[in-house]
2 protein chains.
Amino acid sequence: MSKYISLTEDEKDTILSLDIFRSVKKGTILLKRGQKSRDEYFVLKGCIRKYYITDGEEKTTAFFTEMEGLTPHCAINNTPSEYFVSCVEDTILTVAHIDIGVELFIKFPKLQLMCKVLSNELLAKQQLNFDEFKIASPEERYLNLLQNRPDLIQRVPQHQLASFLGMIPQSLSRLRARIMEKSKE
Amino acid sequence: MSKYISLTEDEKDTILSLDIFRSVKKGTILLKRGQKSRDEYFVLKGCIRKYYITDGEEKTTAFFTEMEGLTPHCAINNTPSEYFVSCVEDTILTVAHIDIGVELFIKFPKLQLMCKVLSNELLAKQQLNFDEFKIASPEERYLNLLQNRPDLIQRVPQHQLASFLGMIPQSLSRLRARIMEKSKE
DNA sequence: TAAAATCGTTATCTTAAGATAAGAAAATGA
DNA sequence: TCATTTTCTTATCTTAAGATAACGATTTTA
């Protein structure tokens, strides 16, 4: 964190005293559908994945890697979760009750403005992502991902990428083959 | 606003003194691509639309109706806008410099926690929308919209709805015909 | 009010994605 | 290490979306 903001010793101590750091194995499920949890996650190293299961099919809608945080919908609204969260790789992350975030927020005023600015930026980024997704065709979405998050294509299984891109694994495979063909010419 | 939070006279005066209320005609363009503006919008009555133009084609990615706010990406990052914003209907809205929001935020501490909570909720809603969009087929997206925002289908032109749903107008038209056929049986 | 532009639908053809099946390659685990 | 499971690819068939064109209907505006 000190990469991003400078903290006093007091602040560091407070954060460390919370004992929220976890190291979890690949495949571990952090949150299941129907579960009520008020925890939020922040990835320090590794990758976690958010997915739905409909008709027995996994539908991946987001990945979170280094320095990205996931505050599940269920933690905000205090309702059972609609989706699952699991680890794509061995992952080190913080797991903290959502109110701890609010406590920190109250204790350290200088975090407050940062929070507004950050959450605005996050919201804006989220919206741009959504816009891009809507505007692009499946093939363009894959090419965009290749541009913007080449790491994901390396570290995440194809079938999870596929549903993240809004298609089935076979279509992604075919699409990749088609692109390879084109680039040969 | 007093529908949502109770305000003191002081607070009301401050807000009214800002003189940010605007009444704009249908079709008015509030923001153009390339323009640098630091204004954010909040719709009191009517409907505004956010859209891109690529290869001369309009691509609508969002609508904002009563009690919904749009803080453009360009206002947050202070960069030229990538997209356009225009009025779908005659609309009454507030137009305010983004810093005014921050000023209010600083002046009235009780807005601060609300802001964190609200922006978290907004972010969560945004993410759920995105998830839904990714998971659903074009036809399912239309049926979802019919469920969740039936007003939009009434008040917005078909071709704008189409790109909002990620397809061309002819496909939406065909899809609607297909649904009508099915429901007849 | 008349001409022009915009809008929604329908039809045909083309292209690509979904469904299903099957086989090869890689990873996992006992 | 070897068997099992998972993952990725390829192929065929079906279905639906994109491209293009054309035609009224509606709206705009000159």
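Throughout, a chain's letter reflects where its sequence line sits, starting with A, and its residues are numbered from 1.
One interatomic measurement links the two molecules: CZ of A:R141 to C1' of C:dA16, which rounds to 13 Å at whole-angstrom precision. Atom CD in A:E181 sits roughly 16 Å away from atom C1' in C:dA16 (whole-Å rounding). The separation between B:D55 atom CG and D:dA19 atom P is 10 Å, rounded to whole Å. Between B:E57 atom CD and D:dG18 atom C1' there is a gap of 11 Å when expressed in whole angstrom units. If you take CZ of B:R178 and P of C:dA11, they are 14 Å apart, rounded to a whole angstrom. Note: CD1 (A:I153) to P (D:dT7) measures 18 Å, nearest angstrom. Between B:I168 atom CD1 and D:dA21 atom P the separation is 13 Å, expressed in whole Å. Taking atom CG of A:L165 as the reference point, atom P of D:dC8 lies 13 Å away to the nearest angstrom.
Taking all atoms of both residues into account, the shortest heavy-atom contact from B:D39 to B:S37 is N-OG, 3.1 Å. In terms of heavy atoms, A:P72 sits closest to A:Y83 at CA-OH, 3.3 Å.
The side-chain contact (heavy atoms from CB on, under 4.5 Å) test with A:S86 is passed by exactly one of A:T28, A:I29, A:V24: A:I29. Partner of A:F164 under the ring pair (Phe, Tyr, Trp, His ring centres under 6.0 Å) criterion, out of A:F63, A:F133, A:F64: A:F63 alone.
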Which donor-acceptor pairs under 3.5 Å do side chains of residues 43-57 of chain B form with protein atoms, sequence neighbours excluded?
unit_1, atom_1, unit_2, atom_2, d
B:R49, NE, B:Q160, OE1, 3.4
B:R49, NH1, B:E58, OE1, 3.0
B:R49, NH1, B:T60, OG1, 2.9
B:R49, NH2, B:E58, OE1, 3.1
B:K50, NZ, A:D131, OD2, 3.0
B:Y52, OH, A:D131, OD2, 2.6

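For the residue pair A:Y142 / A:R176, a side-chain donor-acceptor distance below 3.5 Å is found, with atom types taken as modelled. Under 3.5 Å, the side chains of A:T65 and A:R155 contain no donor-acceptor pair of N or O atoms.
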Run the numbers on B:Y41 and B:L31 for side-chain contact (heavy atoms from CB on, under 4.5 Å), then give the verdict. CA-CA 10 Å; B:Y41 311 98; B:L31 177 66; 3.8 Å; yes
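Remark: side-chain polar atoms of A:T91 are paired, donor with acceptor, to backbone N or O of A:E89 under 3.5 angstrom. Judged by distance alone, with hydrogens and angles left aside, the side-chain atoms of B:R22 form no donor-acceptor pair with the main-chain N or O of B:V95 at under 3.5 Å.
Axis deviation across the helix from C:dT1-D:dA30 to C:dA30-D:dT1 amounts to 60°, comparing end segments of five pairs, rounded to 10 degrees.
Salt bridge present: B:K25 and B:D90 bring a charged side-chain N and a carboxylate O closer than 4.0 Å. Classification of A:K134 and A:E140 as a salt-bridged pair fails, no side-chain N sitting under 4.0 Å from a carboxylate O. Comment: B:E139 engages B:R178 in a salt bridge, judged by a side-chain N to carboxylate O separation of less than 4.0 angstrom.
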Between N or O atoms, less than 3.5 Å apart, protein on one side and nucleotides 26-29 of chain C on the other: list the pairs.
unit_1, atom_1, unit_2, atom_2, d
C:dT28, OP1, A:K26, NZ, 3.1

Listing time: all N or O pairs from protein to nucleotides 7-9 of chain C that are below 3.5 Å?
unit_1, atom_1, unit_2, atom_2, d
C:dG8, OP1, B:Q158, N, 3.0
C:dG8, OP2, B:Q158, N, 3.3
C:dG8, OP2, B:H159, N, 3.2
C:dG8, OP2, B:H159, ND1, 3.0
C:dT9, OP2, B:S173, OG, 3.3
C:dT9, O5', B:S173, OG, 3.2

For nucleotides 12-15 of chain C, print each protein N/O atom paired with a nucleotide N/O atom at under 3.5 Å, atom names and distance only.
none

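Contacts of B:G27 with the nucleic acid, taken as non-hydrogen atoms under 4.0 Å apart, are absent.
Legend: salt bridge (charged side-chain N to carboxylate O under 4.0 Å, His left out) pairs involving residues 74-83 of chain B, not counting sequence neighbours: none detected.
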